[in-house]
Amino acid sequence: MAEKVLKHKVCIIGSGNWGSAIAKIVGRNAARLPNFEDRVTMWVFEEMIEGKKLTEIINETHENVKYLPGHKLPPNVVAIPDVVDAVKEADLLIFVVPHQFVRTICSTLLGQIKPTAAALSLIKGFEIAEGGGIDLISHIITRCLKIPCAVLMGANIASEVADEKFCETTIGCRDVMLAPTMRDIIQTDYFRVVVVDDEDAVEICGALKNIVAVGAGFVDGLGFGDNTKAAVIRLGLMEMIKFVDVFYPGSKLSTFFESCGVADLITTCYGGRNRRVAEAFVKSGRSIKELEDELLNGQKLQGPITAEEVNHMLVNRNMENKFPLFTAVYRICKGDLKPSDFIDCIRSHPEHMIRVVRKSHCCIC
């Protein structure tokens, strides 16, 4: 008698453009792989679209007409408006919601999920923790739900992933037993996955690059060129590495050369909503909140919020001057500085000093 294959049930928590793009991949993989249940549930925050419920539209037309129009979702992806119903009996919870809502969702799900479940967070952002630090989203999920939580970050603009244009991504997962399951449900021939065990650094890269992308948008709005933007990207990467080294020691430098690091940083600084809204902020003189409402179709901008959260941590450690790019982005978004002051802030960056670089052999494995 053939041994019965253990099938994993997958639930996607969130249905914005990124969540819907991932649902295309997850739905197809669940349908073709023998170790996953065919039916994939997707929690959808219920909205009315021209008098009809969004969940009904998705389930009838297999299209998220609000957040990912023009792309068909696999028919085995089922939209559910109640998050508790969506996660029922799920073995893998894929979180793709704005980070501001994670605690509320986890509170709702406490005691409602399988104790053997695992999570994968695609959420880019932080929360301010008690005592002046920051809380990683994966840590919040693990602490609140008492389940392991890996992370996925990379140079993955949702519209391009939905268009099935080739790209890479990074999964940070310490659990060698969970890692293959996480990889298999996500990987396709156009969406290639590299798994590393440096979970915290992978997640932090995904959040911090949004701050740098806002700075890149300022550069575009001010009319400076690619040379200036390249300087912002380089300085931003240096601050990202320093931030991880100071606040999360023990992470690997090689992680910054995965898709979650320099690749995601470059992509976001040339595309993506943080850069686009920041450019409009400079050119129009309107508030970021106004532009967010007008340009993002209900999506949330992560860069300014993350800059505020990081600044809270830097102030408590008296380290604002050690991270002048992060600090300048925060102060411009807050209104303490003009966008035109941004160039002066990076011009005097401590990285612009005479340095003696000793010759050394470097191997990034």
Can you confirm if the aromatic rings of Phe166 and Tyr190 lie within a centre distance of less than 6.0 Å? no
Quick check: does any side chain N or O of [X] sit under 3.5 Å from a backbone N or O of [Y], one acting as donor and the other as acceptor?
{"X": "Ser259", "Y": "Gly154", "result": "no"}
{"X": "Trp43", "Y": "Pro81", "result": "yes"}
{"X": "Thr327", "Y": "Glu320", "result": "yes"}
{"X": "Asp293", "Y": "Glu290", "result": "no"}
{"X": "Asp198", "Y": "Lys252", "result": "yes"}
{"X": "Glu292", "Y": "Leu301", "result": "yes"}
{"X": "Thr108", "Y": "Thr104", "result": "yes"}
{"X": "Asp38", "Y": "Asn76", "result": "no"}
{"X": "Gln112", "Y": "Val87", "result": "no"}

To the nearest 0.5 angstrom, please state how far the [atom1] atom of [X] sits from the [atom2] atom of [Y].
{"X": "Ile13", "Y": "Leu93", "atom1": "CD1", "atom2": "CG", "answer": "4.5 Å"}
{"X": "Cys345", "Y": "Ile332", "atom1": "SG", "atom2": "CD1", "answer": "6.0 Å"}
{"X": "Met313", "Y": "Asn316", "atom1": "CE", "atom2": "CG", "answer": "9.0 Å"}
{"X": "Asn210", "Y": "Arg275", "atom1": "CG", "atom2": "CZ", "answer": "13.0 Å"}
{"X": "Ile157", "Y": "Lys165", "atom1": "CD1", "atom2": "NZ", "answer": "9.5 Å"}
{"X": "Ser138", "Y": "Leu122", "atom1": "OG", "atom2": "CG", "answer": "12.0 Å"}

Do [X] and [Y] have side-chain heavy atoms sitting under 4.5 Å apart?
{"X": "Ile233", "Y": "Leu265", "result": "yes"}
{"X": "Val202", "Y": "Val196", "result": "yes"}
{"X": "Val194", "Y": "Ile171", "result": "no"}

Does the plane of the ring in Phe326 sit parallel, tilted or perpendicular to the ring in Phe323? Use 30° and 60° as the thresholds. parallel
What are the two closest heavy atoms between Phe126 and Ala207, and how far apart are they? CZ-CB, 3.6 Å
Which heavy-atom pair separates Val244 from Ala201 by the least distance, and what is that distance? CG1-CB, 4.4 Å
Going through the distances and angles, do Asp85 and Lys88 end up as a salt bridge (Lys or Arg N to Asp or Glu O under 4.0 Å)? CA-CA 5 Å; Asp85 287 343; Lys88 200 169 292 180; 3.4 Å; yes
Can you establish whether the number of heavy atoms outside [X] located under 6.0 Å from its atom [atom1] is more than 12?
{"X": "Lys114", "atom1": "NZ", "answer": "yes"}
{"X": "Asn321", "atom1": "CG", "answer": "yes"}
{"X": "Lys334", "atom1": "NZ", "answer": "no"}
{"X": "Met177", "atom1": "CE", "answer": "no"}

Should [X] and [Y] count as an ion pair when the cut-off is N to O under 4.0 Å?
{"X": "Glu239", "Y": "Lys322", "answer": "no"}
{"X": "Arg103", "Y": "Glu127", "answer": "yes"}
{"X": "Asp344", "Y": "Arg347", "answer": "yes"}
{"X": "Glu164", "Y": "Arg28", "answer": "yes"}
{"X": "Lys124", "Y": "Glu203", "answer": "no"}
{"X": "Lys53", "Y": "Glu47", "answer": "no"}
{"X": "Lys283", "Y": "Asp220", "answer": "no"}
{"X": "Arg174", "Y": "Glu199", "answer": "yes"}
{"X": "Asp264", "Y": "Lys209", "answer": "yes"}

Relative to Phe224, does Lys229 satisfy both conditions: NZ or CZ under 6.0 angstrom from the six-membered ring centre, and within 45 degrees of the ring's axis? no
Do Arg183 and Val193 pass the side-chain contact (heavy atoms from CB on, under 4.5 Å) test, and can you show the C-alpha distance, the side-chain angles, and the key distance before you say yes or no? CA-CA 6 Å; Arg183 179 200 61 213; Val193 177; 4.1 Å; yes
Take Lys7 and Asp91 through the test salt bridge (Lys or Arg N to Asp or Glu O under 4.0 Å) and record every step on the way to the result. CA-CA 9 Å; Lys7 289 181 176 284; Asp91 300 288; over 6 Å; no
Linking I/L/V/M/F/W/Y whenever their side-chain heavy atoms sit closer than 4.5 Å, directly or via other members, would [X] and [Y] fall into one cluster?
{"X": "Leu314", "Y": "Ile241", "value": "yes"}
{"X": "Val214", "Y": "Phe281", "value": "yes"}
{"X": "Leu222", "Y": "Leu337", "value": "yes"}
{"X": "Ile123", "Y": "Val96", "value": "no"}
{"X": "Val77", "Y": "Val161", "value": "yes"}

So Leu325 and Val232, side-chain contact (heavy atoms from CB on, under 4.5 Å) or not? Walk me through it. CA-CA 8 Å; Leu325 189 148; Val232 169; 4.0 Å; yes
Can you check side-chain contact (heavy atoms from CB on, under 4.5 Å) on Ile137 and Ile140, steps first, answer last? CA-CA 5 Å; Ile137 300 303; Ile140 294 171; 4.2 Å; yes
Not counting sequence neighbours, list each pair that qualifies as a ring-ring contact (aromatic ring centres under 6.0 Å, His included) and has a residue in residues 7-34. His8-Phe36
Which of Leu120, Val195, Asn29 passes side chain to side chain contact (heavy atoms under 4.5 Å, CB included) with Ile186? It is Leu120
Does a side chain donor of either [X] or [Y] reach within less than 3.5 Å of an acceptor in the other side chain?
{"X": "Thr169", "Y": "Asn156", "result": "yes"}
{"X": "Asn274", "Y": "Gln302", "result": "no"}
{"X": "His139", "Y": "Asp200", "result": "yes"}

Would you check, one step at a time, whether the test salt bridge (Lys or Arg N to Asp or Glu O under 4.0 Å) holds for Arg286 with Glu294? CA-CA 11 Å; Arg286 297 166 64 193; Glu294 178 183 316; 2.7 Å; yes
Take Val315 and Asn311 through the side-chain contact (heavy atoms from CB on, under 4.5 Å) test and state the conclusion after the steps. CA-CA 6 Å; Val315 167; Asn311 186 260; 3.5 Å; yes
Evaluate the criterion salt bridge (Lys or Arg N to Asp or Glu O under 4.0 Å) for residue pair Arg143 and Asp135; output intermediate values, then yes/no. CA-CA 11 Å; Arg143 193 168 59 246; Asp135 226 347; 2.5 Å; yes
